[in-house]
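One structure is given here, and the rest of the page talks about it.
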Amino acid sequence: MMKTLSQLMVVPATLALILAGAGVARSDAPVIEITPKLQRDPLQMSGTSGGQKNSNCGYISQTPNQVVRVTADKIDYLRLGVQSTTGEPTLLVDGPGGRFCVLADKASGDNPEISGVWLRGNYSVYVGDRTGGKHPYTLYITQQNK
């Protein structure tokens with residue numbers, strides 16, 4: 001009976017360690033806090049697109065490239081986009097309002113972007129590549145409406 005009880009305790013403990021480890025991996029992504037009025041506009045961050053995980057939004061990394069934390073109840077207008085001179089960049093945003101995949105098109109100058117109302121919470125941002133390549137990019141966040 002004791003042996004069975006100790007074995008049953010191992011499963012929840014192992015599951016808790018796995019889930020905690022997943023949380024630690026996600027926390028490796030840089031976090032930028034967004035308030036109703038950006039101190040600098042646009043905010044810009046750079047990195048390398050792509051990864052080994054094949055998603056419905058191109059090839060992305062296992063962890064987000066960036067985490068955007070909106071601290072206000074909502075921001076009426078925010079635009080997030082990727083600029084890259086090489087590759088075929090994609091933008092995957094996973095946040096309180098859902099999971100959105102944005103592909104480059106002619107309207108955005110072949111650089112993906114998403115805009116609109118942003119609610120309070122954390123948004124995991126993945127900059128992928130449709131062909132699996134890894135390319136330098138600049139991620140920008142602005143409140144300016146083109």
Side-chain angles (χ1 to χ4, degrees), residues 7-146:
Q7 288 175 337
L8 289 175
M9 298 286 289
V10 169
V11 173
T14 303
L15 183 58
L17 285 172
I18 290 169
L19 292 174
V24 169
R26 292 185 75 87
S27 68
D28 289 342
V31 177
I32 185 157
E33 290 196 357
I34 304 294
T35 59
K37 178 87 170 108
L38 295 177
Q39 291 181 345
R40 288 186 333 260
D41 195 349
L43 296 171
Q44 295 184 333
M45 291 103 350
S46 58
T48 303
S49 68
Q52 297 195 4
K53 183 177 177 183
N54 187 2
S55 75
N56 63 345
C57 201
Y59 290 86
I60 60 173
S61 62
Q62 293 291 335
T63 59
N65 298 83
Q66 185 75 46
V67 173
V68 176
R69 179 174 295 141
V70 174
T71 59
D73 286 337
K74 74 173 183 168
I75 295 180
D76 290 326
Y77 182 82
L78 197 67
R79 184 164 39 103
L80 184 135
V82 174
Q83 294 175 329
S84 181
T85 58
T86 57
E88 294 183 43
T90 65
L91 185 59
L92 177 63
V93 180
D94 190 3
R99 186 175 175 112
F100 301 93
C101 174
V102 185
L103 305 175
D105 59 16
K106 295 298 177 200
S108 65
D110 291 326
N111 290 302
E113 63 181 27
I114 186 170
S115 62
V117 174
W118 291 61
L119 303 174
R120 176 187 300 271
N122 291 334
Y123 296 81
S124 296
V125 178
Y126 300 83
V127 180
D129 188 83
R130 290 178 83 172
T131 62
K134 294 185 178 204
H135 303 279
Y137 70 81
T138 300
L139 179 72
Y140 64 88
I141 300 171
T142 181
Q143 290 181 310
Q144 300 172 26
N145 191 353
K146 291 184 179 182

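- At distances below 3.5 Å, at least one donor-acceptor pair connects side-chain atoms of Ser84 with backbone N or O atoms of Pro136.
- Scanning all heavy atoms of the two residues, the minimum distance from Tyr140 to Gln44 falls at CB-CG, 4.2 Å.
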Intermediate values then yes/no, side-chain contact (heavy atoms from CB on, under 4.5 Å), Val68 and Asn122: CA-CA 6 Å; Val68 176; Asn122 291 334; over 6 Å; no
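- Between Arg99 and Leu92, the closest side-chain pair of non-hydrogen atoms falls below 4.5 Å.
- Note on residues 51-69: pairs passing salt bridge (Lys or Arg N to Asp or Glu O under 4.0 Å), not counting sequence neighbours, are Glu33-Arg69.
- Residues Leu38 and Leu43 have side chains in contact (heavy-atom distance under 4.5 Å, counting atoms from C-beta outward).
- Taking the side chain as every heavy atom from C-beta outward, Pro89 and Asn111 approach each other to under 4.5 Å.
- Evaluation of the disulfide bond (SG atoms under 2.5 Å apart) test over residues 35-122, restricted to residues two or more places apart or in two chains, returns Cys57-Cys101.
- Within the structure, salt bridge (Lys or Arg N to Asp or Glu O under 4.0 Å) contacts touching residues 128-141 (residues at least two apart or in different chains) do not occur.
- Side-chain contact between Ile34 and Ile141: present, with at least one pair of heavy atoms (C-beta onward) separated by less than 4.5 Å.
- Not a single donor-acceptor pair under 3.5 Å links the side chain of Gln66 to the backbone N or O of Ser124.
- Scored by the side chain to side chain contact (heavy atoms under 4.5 Å, CB included) test, Thr35 finds Thr71 as partners (sequence neighbours excluded).
- Between Tyr126 and Asn65 the shortest heavy-atom distance is CA-OD1, 3.3 Å.
- For Thr142, the side chain to side chain donor-acceptor pair (under 3.5 Å) criterion is met by Asp41, not counting sequence neighbours.
- A search for side chain to side chain contact (heavy atoms under 4.5 Å, CB included) contacts involving Leu119 returns Lys74, Val117, Tyr123, not counting sequence neighbours.
- Among residues two or more places apart in sequence or in another chain, the salt bridge (Lys or Arg N to Asp or Glu O under 4.0 Å) test is passed with Lys106 by Asp110.
- Using a distance-only test at 3.5 Å, with no hydrogens or angles considered, no donor-acceptor pair links the side chain of Trp118 to the main chain of Ile75.
- Considering only residues two or more places apart in sequence or on other chains, Tyr77 meets the side chain to side chain contact (heavy atoms under 4.5 Å, CB included) condition with Arg79, Ser115, Asn145.
- The salt bridge (Lys or Arg N to Asp or Glu O under 4.0 Å) pairs that include a residue from residues 117-128 are Asp73-Arg120, where partners are two or more places apart or lie in different chains.
- For CD of Gln39, the number of neighbouring non-hydrogen atoms (other residues, nucleotides, ligands) closer than 6.0 Å is 12 at most.
- Atom CD in Gln143 sits 6.5 Å away from atom NZ in Lys37 (nearest 0.5 Å).
- The OH atom of Tyr59 sits 11.5 Å away from atom OG1 of Thr90, with the distance rounded to the nearest 0.5 Å.
- A heavy-atom distance below 4.5 Å is found between the side chains of Leu80 and Ile114.
- Counting heavy atoms from C-beta on, the side chains of Val67 and Val125 never come closer than 4.5 Å.
- Scanning for side chain to side chain contact (heavy atoms under 4.5 Å, CB included) contacts around Ser46 gives an empty result, with sequence neighbours left out.
- Among all heavy-atom pairs drawn from Ser49 and Gly128, the shortest one is CB-O, 3.7 Å.
- Residues passing the ring-ring contact (aromatic ring centres under 6.0 Å, His included) test with Tyr137: none are found, sequence neighbours excluded.
- Contact annotation: the side chain of Leu139 approaches that of Leu91 to within less than 4.5 Å [non-hydrogen atoms, C-beta and beyond].
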